[in-house]
Asks: 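One structure coming up, written as structure tokens, with questions to follow.
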There are 2 protein chains.
Amino acid sequence: MTTAKTRHHHGDLKRALIQAGIDLLEEGGLEALTLRKCAARAGVSHAAPAHHFAGMSGLISAIAEEGFDIFSKYMTDAIEAGEQTDRERLRSICRGYLQFGLSHSGLLKVMFGEHGLGIHAPRKDNREEAEAYLILRGVCAPFVPEGEDPHIVEAQVWSLIHGFTLLYIGGEFGCTSMPIEDSPFEAVMALIDRIGTQAKT
Amino acid sequence: MTTAKTRHHHGDLKRALIQAGIDLLEEGGLEALTLRKCAARAGVSHAAPAHHFAGMSGLISAIAEEGFDIFSKYMTDAIEAGEQTDRERLRSICRGYLQFGLSHSGLLKVMFGEHGLGIHAPRKDNREEAEAYLILRGVCAPFVPEGEDPHIVEAQVWSLIHGFTLLYIGGEFGCTSMPIEDSPFEAVMALIDRIGTQAKT
DNA sequence: AGATTAACTTTACGGTGTCAAATTTGATCG
DNA sequence: CGATCAAATTTGACACCGTAAAGTTAATCT
């Protein structure tokens with residue numbers, strides 16, 4: 001009765017396991033994420049997680065869901081900083097996307113990975129779309145030509161920044177550090193700037 | 001003496017193991033790729049691969065390298081089909097990229113994954129760049145403003161099609177099948193068409 | 001208080017990568 | 001030709017993994 005949920009032994013094991021998983025992920029990358037290690041970190045036996053998640057894939061899904069929350073925060077923080085034009089917000093959300101990827105690369109890979117339930121899966125709050133995608137949609141909206149399908153602009157922005165982030169994280173552009181004013185990122189931003197302008201030639 | 005390498009027992013185990021790995025990958029996805037299963041498919045004991053690869057990560061690297069060869073083939077096939085303008089070639093290489101991803105999603109994930117040595121790693125033929133990247137570079141070249149860094153256009157094209165392919169494979173656009181004339185892909189192509197035009201406003 | 005049930009532990013099993021020590025095999029040399 | 005030698009492969013062992021079944025504890029309910 002100390003919290004909402006009646007806690008028999010541990011207190012809020014489900015949460016603890018998810019957090020342990022995220023920590024493991026950040027410390028040792030994808031390969032360090034293990035059911036047994038999560039359990040050990042939470043101070044329970046290795047079989048305890050089975051009562052809260054549908055196996056390893058269930059835990060991964062829960063971690064991914066948590067990851068999308070953090071992800072959303074990165075993006076909202078980026079677009080809510082100061083007064084920004086629509087175009088600046090488009091740039092900012094990309095910056096937030098990349099920054100999340102750089103700070104939580106393991107988490108990002110899990111989120112879009114095998115059992116990571118991508119951005120469209122129904123969530124705990126049973127909303128249709130994930131919050132992260134609604135944020136993206138909102139920022140893209142001003143660039144959708146009237147009468148056109150919003151998905152077009154969303155697919156353009158999303159593909160571009162998603163691909164860049166993954167390639168950047170993977171070291172494909174040479175640098176893995178944070179200096180975002182690099183040329184490859186600016187190149188992508190330049191292309192972002194062409195979204196929504198003169199639709200037909 | 002039947003081949004270049006003196007074969008003691010098996011005959012070309014290294015190759016057989018790589019092929020087994022690729023097969024496993026296509027049949028059962030990432031989770032099905034296992035050292036022991038590769039060995040079993042090649043008809044050798046579970047410890048045999050250790051003498052040809054530096055553990056699991058070494059095998060993955062070798063599979064990835066093979067994957068990049070197949071990848072290159074997809075792209076060259078796409079851009080060499082019929083007479084094409086520079087712009088059509090740019091579209092075609094993207095189509096080849098996506099088609100490879102759709103046909104070999106597991107392989108693609110391995111290639112750009114943890115031990116997958118991305119597209120820039122030095123290869124067996126000790127060329128500086130992977131063939132795949134050289135192909136991309138060649139197709140991008142006509143759209144690089146003179147005096148500008150070619151990497152800019154390459155990063156734009158690559159990020160866009162890489163991101164789209166991964167999202168598409170992941171089912172984030174709803175469909176996982178082959179109909180490429182879908183709206184999301186056409187949206188990305190439309191953005192591709194804006195690359196290299198009017199560099200400054 | 002007694003029964004019930006949820007939370008967790010214990011134990012066990014098959015599969016995994018990796019390592020060290022045999023063992024086989026093909027080639028080489030005297 | 002036969003002994004030798006080194007490479008290729010096997011065998012066996014280990015620690016770790018996910019999962020499942022059965023057992024234990026503790027809180028709740030009547």
Side-chain angles (χ1 to χ4, degrees), chain A residues 1-25 27-64 106 109-110 113-116, chain B residues 1-25 27-64 106 109-110 113-116:
Chain A
M1 72 197 304
T2 41
T3 67
K5 199 108 189 179
T6 64
R7 54 168 79 165
H8 295 289
H9 295 66
H10 181 278
D12 193 359
L13 183 54
K14 189 164 183 174
R15 180 108 222 141
L17 287 168
I18 293 174
Q19 190 56 52
I22 293 178
D23 293 344
L24 250 354
L25 218 38
E27 294 169 19
L30 274 176
E31 308 186 345
L33 179 59
T34 279
L35 246 180
R36 288 171 109 107
K37 276 193 277 197
C38 286
R41 287 225 174 185
V44 295
S45 83
H46 65 266
H51 295 262
H52 297 273
F53 305 100
M56 185 62 193
S57 92
L59 174 59
I60 288 182
S61 297
I63 291 174
K109 286 170 191 163
V110 161
E114 214 67 21
H115 304 111
Chain B
M1 75 195 307
T2 40
T3 66
K5 202 107 187 179
T6 66
R7 55 167 80 164
H8 294 290
H9 296 67
H10 180 277
D12 194 358
L13 183 54
K14 189 164 182 173
R15 181 108 224 141
L17 288 168
I18 293 174
Q19 190 55 52
I22 293 178
D23 293 344
L24 249 355
L25 219 38
E27 294 169 19
L30 274 176
E31 308 185 345
L33 179 59
T34 278
L35 245 181
R36 288 172 110 106
K37 276 193 277 199
C38 286
R41 286 224 174 185
V44 294
S45 82
H46 66 266
H51 295 263
H52 297 274
F53 305 101
M56 185 62 193
S57 91
L59 174 59
I60 288 182
S61 296
I63 291 174
K109 286 171 191 165
V110 161
E114 213 67 21
H115 304 111

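All chains are named by letter (A, B, ...) in the order of the sequence lines, taking the proteins before the strands, and each is independently numbered beginning at 1.
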Asks: In whole Å, I'd like the distance from the CG atom of B/Leu33 to the P atom of C/dG15.
Replies: 17 Å
Asks: Can you check the A/Phe53 CZ to D/dG18 P distance for me, whole Å?
Replies: 14 Å
Asks: Within a strict 4.5 Å, meaning less than it, do heavy atoms of the B/Leu24 and B/Thr34 side chains meet?
Replies: no
Asks: Which value, rounded to the nearest 0.5 Å, describes the distance between B/Lys14 atom NZ and B/Ile18 atom CD1?
Replies: 6.5 Å
Asks: Distance check, rounded to the nearest 0.5 Å: A/Asp12 atom CG versus A/Leu17 atom CG?
Replies: 9.5 Å
Asks: How about NZ on B/Lys37, more than 12 heavy atoms from neighbouring residues, nucleotides or ligands closer than 6.0 Å, or not?
Replies: yes
Asks: Do the side chain of A/Arg36 and the base of D/dG18 come within less than 3.5 angstrom through a donor-acceptor pair of N or O atoms?
Replies: yes
Asks: Take the protein atom CG of B/Leu13 and the nucleotide atom C1' of D/dT10, then report the distance between them rounded to whole Å.
Replies: 13 Å
Asks: Quickly work out the A/Leu35 CG to C/dT16 C1' distance and round it to whole Å.
Replies: 15 Å
Asks: Distance check needed: C/dT16 P versus B/Leu59 CG, whole Å only.
Replies: 14 Å
Asks: Does any residue of residues 37-52 of chain A have a heavy atom under 4.0 Å from DNA chain C, and if so, which ones, in number order?
Replies: A/Val44, A/Ser45, A/His46, A/Ala47, A/Ala48, A/His51, A/His52
Asks: Nearest whole Å is fine: how far is C/dT18 C1' from A/Glu31 CD?
Replies: 14 Å
Asks: Quick one: B/Leu24 CG to C/dG15 P, roughly how many Å, whole number?
Replies: 15 Å
Asks: When rounded to the nearest 0.5 angstrom, what distance separates CZ in B/Arg41 from CG in B/Asp23?
Replies: 6.0 Å
Asks: Do A/Leu59 and A/Cys38 make a side-chain contact, defined as non-hydrogen atoms from C-beta onward lying under 4.5 Å apart?
Replies: yes
